[in-house]
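None of these values were measured; they are calculated from a predicted model. Order of the sequence lines fixes the chain letters, A, B, ..., with proteins taken first and strands second; residue numbering starts at 1 for each chain. These numbers come from the heavy atoms of this one structure, side chains and all, not from hydrogens, waters or symmetry mates.
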Amino acid sequence: MSMTDETSIPKRPSGFWSYANPVKFLGFSERVLPALWWLSGICLGVGLIWGFFFTPDDFRQGSTVKIIYLHVPSALMAINAWFMMLVASLIWIVRRHHVSALAAKAAAPVGVVMTLIALFTGAVWGQPMWGTWWAWDPRLTSFLILFLFYLGYMALWAAIDDPDTAADLTSVLCLVGSVFAVLSRYAVNFWNQGLHQGASLSLDKEENVADVFYFPLLVCIAGFVLIFLALVLYRTGTEIRLRRTRALQAREARV
Amino acid sequence: MPDLGKYADAVLSAYGVSLLLLALLIVWTLRQGRRARRALQEVEKRSKRDA
């Protein structure tokens, strides 16, 4: 087989993997970010105004049902943000793409805010409905542990100077924390006890909330997903620029 | 403004705190991004000049 055979020529990554190139990733995020900011603003605005002003009270829960438009989307994103970080961490571990490690790092503060919103709205909803702000219920407890994992993950990134070592160690932490992300989602099914009810939304239509709450809730969920994507794309771009700045400064210092 | 009845405090605090947290996250993210962009531009300008 000759050396000029096409199998011996290294191929440039194409499709999804080509975005591991920071320049290509930045170009892509610059193109899609304006649309993402606008769409997320519109969905959040429409969904929350619809839910807050134009939906009726629930016959049992009264006006507290309006908290669902914040609580369910934020809890959903808190868990899914961790899964996004898990996928990005696995890509870093397997393929060593810096952009994916930086995307995981960028998603953590967004995830922690989503978790905080879910915990807070859950507490103020729980107080009038369950008679307590907090209970050591399986779902609530696993959610609190997920919140602590988010804090630990961010602290670990901040504590280690070498970015590759930080990416390695935080990836391992992310793998471990995924247990609690799964538990936050399925604790109600695993242990049929505690105060928290099952899914509010499901592909199984029988489990869904009533249509009058369901449609504005879907719009709010779309808003939370889009704002998460916009924030993570923007923050990943920031992390790429910070990394490049540090690399150039290190080169300057050597000269 | 809808009549929130006896649960007004719970509903309003949930909305107030959540929107505040989201707004703080967005402002912090945009500020950090602008600072990073400026810092990179300065360093790139310097390294081009030195080259």
Side-chain angles (χ1 to χ4, degrees), chain A residues 33 37 40-41 44 48 51-57 61-71 73-74 106 109-110 112-114 116-118 120-129 223-224 227 230-232 234-249 251-252 255, chain B:
Chain A
L33 266 172
W37 287 124
S40 57
L44 279 176
L48 291 176
F52 187 84
F53 289 99
F54 303 108
T55 56
D57 289 354
Q61 304 190 53
S63 62
T64 60
V65 72
K66 293 181 193 299
I67 299 174
I68 200 173
Y69 307 112
L70 293 163
H71 182 71
S74 58
V110 188
V112 85
V113 168
M114 296 295 173
L116 206 53
I117 292 175
F120 181 78
T121 52
V124 293
W125 199 356
Q127 210 288 325
M129 292 302 108
F224 271 78
I227 195 78
L231 284 165
V232 171
Y234 188 91
R235 295 181 65 85
T236 307
T238 301
E239 293 295 338
I240 291 170
R241 289 189 182 94
L242 287 173
R243 195 183 162 96
R244 169 128 180 95
T245 306
R246 275 195 295 270
L248 287 174
Q249 282 169 338
R251 197 190 294 170
E252 272 180 352
V255 176
Chain B
M1 183 78 179
D3 178 20
L4 300 171
K6 60 181 176 176
Y7 301 126
D9 288 351
V11 178
L12 291 177
S13 64
Y15 273 77
V17 171
S18 302
L19 293 179
L20 180 72
L21 282 173
L22 265 184
L24 286 176
L25 175 66
I26 292 169
V27 169
W28 175 52
T29 296
L30 294 178
R31 266 192 183 179
Q32 214 179 22
R34 270 199 290 269
R35 262 206 306 269
R37 213 179 276 254
R38 248 197 326 265
L40 179 58
Q41 274 168 357
E42 277 170 25
V43 178
E44 278 181 335
K45 214 187 291 172
R46 238 185 359 244
S47 60
K48 261 183 208 155
R49 203 180 48 212
D50 294 345

With only heavy atoms counted, which part of [X] is less than 4.5 Å from chain B, the side chain, the backbone, both or neither?
{"X": "A/Val65", "value": "neither"}
{"X": "A/Gln127", "value": "neither"}
{"X": "A/Leu248", "value": "both"}

Side-chain donor/acceptor of B/Tyr15 to backbone N/O of A/Lys66, under 3.5 Å: yes
Residue selection (most heavy-atom pairs with chain A, distance under 4.5 Å) from B/Ala10, B/Ser18, B/Ser13: B/Ser18
Which heavy atom of [X] sits nearest a heavy atom of [Y], and at what distance?
{"X": "B/Trp28", "Y": "A/Pro109", "answer": "CZ3-CB, 3.7 Å"}
{"X": "B/Leu30", "Y": "A/Trp37", "answer": "CD2-CZ2, 4.0 Å"}
{"X": "B/Val11", "Y": "A/Ser63", "answer": "CG2-O, 3.4 Å"}
{"X": "A/Asp57", "Y": "B/Asp3", "answer": "OD2-O, 4.1 Å"}
{"X": "A/Phe53", "Y": "B/Met1", "answer": "CE2-CA, 4.1 Å"}

A/Arg251 atom CZ: more than 12 heavy-atom contacts under 6.0 Å: no
Minimum side-chain heavy-atom gap [X]-[Y] below 4.5 Å:
{"X": "B/Leu4", "Y": "A/Thr64", "answer": "no"}
{"X": "A/Val124", "Y": "B/Tyr7", "answer": "no"}
{"X": "A/Val113", "Y": "B/Leu24", "answer": "no"}
{"X": "A/Thr238", "Y": "B/Thr29", "answer": "no"}
{"X": "A/Phe54", "Y": "B/Pro2", "answer": "no"}
{"X": "B/Leu12", "Y": "A/Phe52", "answer": "yes"}

To the nearest 0.5 angstrom, please state how far the [atom1] atom of [X] sits from the [atom2] atom of [Y].
{"X": "A/Phe120", "Y": "B/Leu21", "atom1": "CZ", "atom2": "CG", "value": "8.5 Å"}
{"X": "B/Leu25", "Y": "A/Ile227", "atom1": "CG", "atom2": "CD1", "value": "8.0 Å"}
{"X": "B/Leu40", "Y": "A/Gln249", "atom1": "CG", "atom2": "CD", "value": "9.5 Å"}
{"X": "A/Arg241", "Y": "B/Glu44", "atom1": "CZ", "atom2": "CD", "value": "9.5 Å"}
{"X": "A/Ile117", "Y": "B/Leu22", "atom1": "CD1", "atom2": "CG", "value": "4.0 Å"}
{"X": "B/Gln41", "Y": "A/Thr245", "atom1": "CD", "atom2": "OG1", "value": "10.0 Å"}

Interface moiety of B/Asp9 toward chain A, non-hydrogen atoms closer than 4.5 Å: neither
Proximity breakdown for B/Arg35 and chain A, heavy-atom pairs closer than 4.5 Å: neither
Best-contacting candidate, A/Leu242, A/Leu44, A/Ile67, against chain B by heavy atom pairs under 4.5 angstrom: A/Ile67
